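Worksheet: the structure to be examined is printed underneath.
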There are 2 protein chains.
Amino acid sequence: MNITIADIAKIAGVAKSTVSRYLNGGSVSDTTRLKIEQVIKETGYIPNSFAQSLKAKKTSIIGVIVPRLDSFSVAQTVTGMEEELRENGYQMLIINTNQDLSREIEALYDLARQKISGIVLLATQITDFHLAAIKEIGIPVIFHGQQHPDVHSIIYNDYAAGYEIGRYILSKGHNRIAYLGVTEQDVAVGVERKCGFQKALKEQSGATAQFYESGFKVAAAVEAASTILDGSGQRPTAIVCATDSIALGVMKAAHMKEWRIPEDLSVTGIGGYDVTEVIHPGLTTVKYQYAAGGRLAARHIIKLVHDERVDRLTVLQCELIERESVDNKSIHRLY
Amino acid sequence: MNITIADIAKIAGVAKSTVSRYLNGGSVSDTTRLKIEQVIKETGYIPNSFAQSLKAKKTSIIGVIVPRLDSFSVAQTVTGMEEELRENGYQMLIINTNQDLSREIEALYDLARQKISGIVLLATQITDFHLAAIKEIGIPVIFHGQQHPDVHSIIYNDYAAGYEIGRYILSKGHNRIAYLGVTEQDVAVGVERKCGFQKALKEQSGATAQFYESGFKVAAAVEAASTILDGSGQRPTAIVCATDSIALGVMKAAHMKEWRIPEDLSVTGIGGYDVTEVIHPGLTTVKYQYAAGGRLAARHIIKLVHDERVDRLTVLQCELIERESVDNKSIHRLY
DNA sequence: CTGAAAGCGCTTACAG
DNA sequence: CTGAAAGCGCTTACAG
């Protein structure tokens, strides 16, 4: 393992620079090429990429900072990103911050120290510390999932997603709706989706909604939903959820109370996780193309690394998927 | 960004070696320390980790080779691994091979070239090429999920999992059972689990089972299950599935045909994915501690990197979780 | 405590 | 086509 280019050169009876030239596709005579090739094969020589990078002053590694790995959206995004990166000769270094914002900042500096070529940050919140770090490290960074005017960003159209799902649920005649969202600190998921929904609500005279908040995990949603369903006031006919995970939690809470879906309660999600298609009843939701989003982020960061122009902001569209979790209240039932 | 230790030294009026010593916690006088600290702060100096690694001849990066990222088990495993690695000052470089075995071999060499300290391979199949590569690169490698006597391995007790689930389903009075497994090329999932199940079967006189094979994905399982359920022969009262994903597919197929679970068909999985708890009815399965397995793999690879002793083979136990997807045929129903 | 010098393994002009 | 030499940015004995 400790064979260096000098060893190869000595054994092959040539100069180091010749070996290096061979390695990098420079012109070498057939005889020396054959000789070098053989020695490399015999010795099992593997170039030391540090030394290479030390000269080249960069790696072909893209850093990806994620808040967690065990989430459908992140896993899909990262999968798409990895494929695109690999196809373009880049590797992916994943840093999982476990939802710790300060760790995101650290990660930014860490990656810079390692002369990563570029960074994609799957953001949940953007703070001044983020912006300061990005400015200081001076390597290309892309936000994915959240946006900021100073940084290249790729987002999903969360506002449209909320709006579509709102229009849909209202078109089905629901007017006692509970909206189960998440913290407003998450602009994309907590604010945009809700605002989109509210816009739909405003357009429909006579419709009202109650707004609630849940954590991101299924267990938190189960709890939040139980509170809503046990509520003393008017019971909602539908719960609109900011994410599919939350919708899953709501469905579970409903099952536990033996409410039927959609007869007793309609439920919608946002995200389009695979599992929403598999469960019964299938969940009506808005599908996000996470893998495609990941690929796009990869393509953009590669362009930035090559100093090519990239749109400051890219908005990815999404699509309503109608399944069986919403009851139609606007037609008269036969029985 | 191009500030080097030499710049710091010049500005601070000291030698490079002094700066280096400061950086590495060597003894420096208070005055020079203060001076250096200030210059570093002013310039925003970030050490070049290539140069560092070039001397140190190693990184603190562990490579993790995975067949895919968008799977519950992989995501959990990797999450656990990343936490343990980070807590010990290591970073994780993930390579996703997208189920392509030859890419696993490439990845092994790639990682070696980058002087990764160690490698964890989430294996599905082990070939001679793997073994040859591992021998050649000469850095520590751990198999996770599959075993081989020549390589440090961490596996789950797949045989016991199959056995437990077999005993359980038999104890519930099922005797027309379909076992829906996967390719035997995957020793852990395709062979071990099935053999465990078969052992349970042999111990119970009069019980028989039909064996079928499915792909790993839900969609493949839906198809396989449809074939079983439409079969001309005796219909099974239970389908035992080699993974939770397959069980999810079976449940979906059953719903599509309006078979009730568990009344018309019992279903079991193996894996213990989060979603199996959330769906209705809850899936009876065998829970694998994926995150803990990932942490353990991380701990082991770190030990190997430090030349410490590690058991050649570690077998992780798992636990039956009884939920609502299995009917009890051995009691007389009241109606 | 501090500094000059050599070296980690590679690449890159520059001569020949 | 080939080789000698300098240099990438850092660390590490070795003197002082």
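Remember, it's a predicted structure, so these values are computed and weren't measured experimentally. In what follows, every chain begins at residue 1, and chains take the letters A, B, ... in the order their sequences are listed.
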> Between CG of A/Leu108 and CZ of A/Phe129, what distance do you get to the nearest 0.5 Å?
Replying inline: 13.0 Å
> Taking only residues at least two apart or on different chains, which pairs with a member in residues 139-151 of chain B satisfy side-chain hydrogen bond (donor to acceptor under 3.5 Å, both in side chains)?
Replying inline: B/Gln146-B/Asp186
> Can you list every pair that meets side-chain hydrogen bond (donor to acceptor under 3.5 Å, both in side chains) and has a residue in residues 93-104 of chain B, with sequence neighbours left out?
Replying inline: A/Glu83-B/Asn98, B/Asp100-B/Ser102, B/Glu104-B/His130
Does [X] come within less than 4.0 Å of [Y], counting only side-chain N to carboxylate O?
{"X": "B/Arg295", "Y": "B/Glu87", "value": "yes"}
{"X": "B/Lys10", "Y": "B/Asp7", "value": "no"}
{"X": "B/Asp307", "Y": "B/Arg309", "value": "no"}
{"X": "A/Glu37", "Y": "A/Arg33", "value": "yes"}

> How would you list, by chain and number, every residue that makes a ring pair (Phe, Tyr, Trp, His ring centres under 6.0 Å) with A/Tyr90, sequence neighbours excluded?
Replying inline: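 Listed in chain order: nothing, the list is empty.
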> Of B/Ile134, B/Leu122, B/Val120, which is the lone residue that meets side-chain contact (heavy atoms from CB on, under 4.5 Å) with B/Phe143?
Replying inline: B/Ile134
>> What does the B/S/- profile of nucleotides 6-16 of chain C look like, 5' to 3', with a 4.0 Å heavy-atom cutoff to protein?
In response: -BBBBBB----
> Taking both distances under 3.5 Å as the test for a Watson-Crick or G-U pair, what stems of at least three pairs does DNA chain D have?
Replying inline: C:1-3 with D:14-16, C:5-12 with D:5-12, C:14-16 with D:1-3
>> Counting only side-chain heavy atoms from C-beta out, which of D/dG3, C/dG3, D/dT2 sits nearest to A/Ala15?
In response: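 Nearest nucleotide to the side chain: D/dG3.
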> Reckon B/Ser53 touches a base, only the sugar-phosphate, or nothing at all at heavy-atom distances under 4.0 Å?
Replying inline: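 Result for B/Ser53 = nothing.
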>> I need the residues from residues 33-41 of chain B with at least one non-hydrogen atom less than 4.0 Å from DNA chain D; give them sorted by number, or say none.
In response: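 Hits under 4.0 Å, by residue number: none.
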>> On a heavy-atom basis, which atom in B/Ser117 and which in B/Val305 lie closest, and how many Å separate them?
In response: O-CG2, 3.4 Å
